[in-house]
Amino acid sequence: MAKQVIKVPDLGGADQVDVIEISVAEGDTVAEEDALIVVEGDKASMDVPSPYAGKIVKISVSEGDQVSEGDVIGEIETDADGGEEASSEPEEKEEAEESSEEKAAEASADESEDADAGEAASGESKEETVKVPDLGGADAVDVIEISVQAGDEVEEGDALIVVEGDKASMDVPAPFAGTVVSIAVKEGDKVSTGDALGVMKIVSGGAAAPAAKADRKEEKPAAPEQKAEPAAPAEPPAPQKDRYLERDLTVSAEVYAGPAVRKLARELGVTLNKVKPTGPRNRVTKDDLHAYIKEQVKKAESGAVGVGAGVAPMPEIDFSQFGPVETEPMSKIHKLTAANMARNWLNVPHVTQFDDADITELEDFRKSMKAEAEKRGVKLTPVPFLLKAAAAALRAEPSFNVSLHNDGEHIVRKDYVHIGMAVDTPRGLMVPVIRDVDKKGLYELAEEATAMAIAARDGKLKPKDMQGACFTISSLGAIGGTGFTPIVNAPEVGILGVSKLAVKPVWNGSEFVPRKMLPVGLSYDHRAVNGSDAGRFLTYLVSVLGDVRRLLL
Ligand code: CAO
């Protein structure tokens with residue numbers, strides 16, 4: 001048994017990479033080459049494999065740490081008798097690495113020479129053949145994505161194509177900023193190190209590329225140092241050697257996506273396994289990501305609300321196939337109302353309770369007061385009585401004067417009584433709010449309701465005129481109907497839908513008598529209140545409408 005310190009190996013030039021996953025725990029037994037941690041740099045993520053088989057005794061890094069070559073990852077207890085065998089192994093690996101680095105350097109130099117040949121004589125605008133770089137030992141890998149097309153402007157390091165070998169996929173990045181002149185490979189082709197993958201034109205000025213290439217040639221014998229340089233302008237930065245190849249399975253075990261796609265997904269805050277893959281072997285491509293974002297934006301703009309898999313998107317229907325149609329734009333208010341209705345309907349578990357209020361006496365009283373009201377310049381309709389009765393019920397049943405807090409963990413109890421009144425306007429439905437209804441008299445309420453309705457119809461309401469209601473009344477009584485289930489105007493707790501007054505025979509214990517019955521339906525947020533709270537609230541409200549003297553109590 002021997003303890004070995006495990007260090008971050010050569011990261012192919014990358015420095016200060018993020019530890020994004022710890023793949024093992026202390027006490028785990030691992031085989032040589034098993035992933036210990038996953039690190040992620042600017043352009044790629046990669047497994048850091050165990051150099052030995054053995055038992056992990058210590059993990060010295062955490063997710064979110066930044067590490068560089070040589071940093072300690074942890075300790076492993078190997079099966080080797082002494083340190084010798086184990087410690088000689090990394091050296092062998094290093095040698096192997098060096099020889100492959102040399103190969104990489106040679107390949108680069110070859111490429112530079114080729115590139116020289118491809119240059120235009122003027123030195124102003126140079127076209128260079130871009131070749132497949134050292135693939136870290138992998139050979140004949142599949143081209144699974146072409147990330148650019150002729151004419152595209154690319155930055156140095158942008159993915160040109162994505163290739164996939166047995167163990168991983170990797171972006172082949174642009175060796176310099178420029179314009180893609182042509183792409184010589186297509187999806188499904190197999191490519192190896194040195195194969196031409198296309199031609200690029202340098203846009204960053206005539207002198208840059210030759211100078212850089214000259215530098216590279218001079219550096220050829222000193223290949224290891226070259227790694228420390230930033231990506232050289234005429235040579236695609238070689239993907240890491242096969243033990244550090246980019247991880248293919250990244251966001252979740254089921255999602256296949258290249259590093260550039262993952263980076264973009266991270267920047268956009270997209271969870272990759274929500275994106276429908278269309279690439280080869282179910283790979284998520286950049287186009288898939290764009291299509292997903294487009295769809296989400298479209299949904300958001302149309303006001304459609306998604307709650308996971310529960311709500312399927314509406315199918316697009318061409319109505320003209322059924323008969324003549326005209327399509328006109330919705331008003332701003334209509335669109336807003338549609339979005340709010342959908343939001344409230346989907347978020348609030350609605351229950352609607354119905355009742356009939358006997359307003360025979362209320363109507364007698366209202367009619368007897370009509371002339372006096374008119375003298376005062378107000379119209380005494382049933383609405384002020386409804387407002388007053390609702391306010392009385394909210395005060396009498398404070399358990400109903402609440403809202404569910406946004407956090408879903410608190411109930412907000414209100415010591416004020418503001419009530420919204422739905423107003424039908426040519427531009428759409430508006431809900432002005434009448435404040436402190438419990439403190440106002442019937443004439444005052446009638447006046448204010450009329451003024452609010454006029455302001456709504458004239459488009460003169462201010463945002464603050466439509467905020468802060470505890471409850472809403474929607475009166476369709478003047479229009480008709482025997483009952484309806486109004487949609488709660490969240491975050492309010494409930495809404496009273498008032499239908500058309502009808503004279504009905506009511507049994508008074510000894511005979512049927514004609515009574516003026518007002519049908520009402522109370523929809524409420526069943527998350528915020530129970531049926532018993534709502535039942536008590538509506539019963540009280542109906543009793544007040546049945547005997548307005550109760551308002552004096
Ligand atoms: N049953 C029978 N008649 C009724 C009634 C009822 N429930 N409610 C009102 N009326 C009568 C009124 O008494 C009035 O008759 P008189 O002129 O003889 O007195 C007549 O209907 C018209 O009333 P109104 O509309 O002028 O005034 P209102 O106070 O009843 O209503 C307002 C005001 C703003 C609520 C109403 O104009 C309105 O816009 N209602 C539509 C609300 C709406 O669209 N709700 C749906 C929301 S959800 O989609």
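In each ligand, atom 1 is the first atom listed, and ligand 1 is the first ligand listed.
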Are a donor atom and an acceptor atom from the side chains of [X] and [Y] found within less than 3.5 Å of each other?
| X | Y | result |
| --- | --- | --- |
| Thr271 | Asn273 | no |
| Lys286 | Ser147 | no |
| Thr472 | Glu492 | yes |

[X], [atom1]: over 12 other non-hydrogen atoms inside 6.0 angstrom:
| X | atom1 | result |
| --- | --- | --- |
| Glu155 | CD | no |
| Gln149 | CD | no |
| Asn406 | CG | no |
| Phe319 | CZ | no |

For this session: May I ask you to decide if the ring planes of Phe400 and Phe537 are parallel, tilted or perpendicular, using 30° and 60° as cut-offs?
Result: parallel

For ligand 1, is [X] a contact, meaning one of its heavy atoms is under 4.0 Å away?
| X | answer |
| --- | --- |
| Lys370 | yes |
| Pro486 | no |
| Met341 | no |
| Ala449 | no |

Exercise. Ligand 1 and Leu501, any nitrogen or oxygen pair closer than 3.5 angstrom?
Worked result: yes

Problem set entry | Any N or O of Lys379 closer than 3.5 Å to N or O of ligand 1 | yes

For this session: Without swapping roles, check the side chain of Asn340 against the backbone of Thr337 for a donor-acceptor pair under 3.5 Å.
Result: no

Problem set entry | Asn530 side chain vs Ser532 backbone, donor-acceptor pair below 3.5 Å | no

Exercise. Between Lys367 and Asp364, is the closest basic N to carboxylate O distance under 4.0 Å?
Worked result: no

For this session: Check each heavy atom of Met430 against ligand 1 and say whether those closer than 4.0 Å belong to the side chain, the backbone, both or neither.
Result: neither

Exercise. Side chain or backbone of Ile479 under 4.0 Å from ligand 1, or both, or neither, by non-hydrogen atoms?
Worked result: neither

Taking the minimum heavy-atom distance to [atom], which of [options] ranks first?
| atom | options | answer |
| --- | --- | --- |
| atom 35 (C) of ligand 1 | Pro519, Ala453, Ala422 | Ala422 |
| atom 23 (O) of ligand 1 | Ala502, Ala478, Gly481 | Ala478 |
| atom 29 (O) of ligand 1 | Thr425, Ile473, Leu386, Thr381 | Thr381 |
| atom 38 (C) of ligand 1 | Lys367, Glu363, Arg457 | Arg457 |
| atom 3 (N) of ligand 1 | Gly477, Ser499, Gly480 | Gly477 |

[atom]: which protein heavy atom is closest, and how many Å away?
| atom | value |
| --- | --- |
| atom 9 (C) of ligand 1 | Pro382 CD, 3.7 Å |
| atom 49 (O) of ligand 1 | Leu429 CD2, 4.1 Å |
| atom 43 (C) of ligand 1 | Leu476 CD2, 3.6 Å |
| atom 47 (C) of ligand 1 | Ser474 OG, 2.9 Å |
| atom 44 (O) of ligand 1 | Asp424 CB, 3.6 Å |

Please list, in number order, the atoms of ligand 1 under 4.0 Å from a heavy atom of [X].
| X | result |
| --- | --- |
| Val423 | 34 (C), 39 (O) |
| Leu518 | 7 (N) |
| Ser475 | 40 (N), 41 (C), 42 (C) |
| Val383 | 28 (P), 29 (O), 30 (O), 31 (O) |

Problem set entry | With Arg515 via salt bridge (charged side-chain N to carboxylate O under 4.0 Å, His left out) - residues at least two apart | Asp358, Glu361

Exercise. Tell me the side-chain hydrogen bond (donor to acceptor under 3.5 Å, both in side chains) pairs involving residues 446-459, sequence neighbours left out?
Worked result: Lys440-Glu448

For this session: Return a yes/no value: protein heavy atom under 4.0 Å from atom 15 (O) of ligand 1?
Result: no

For this session: Please confirm whether Tyr524 and His526 have ring centers closer than 6.0 angstrom.
Result: yes

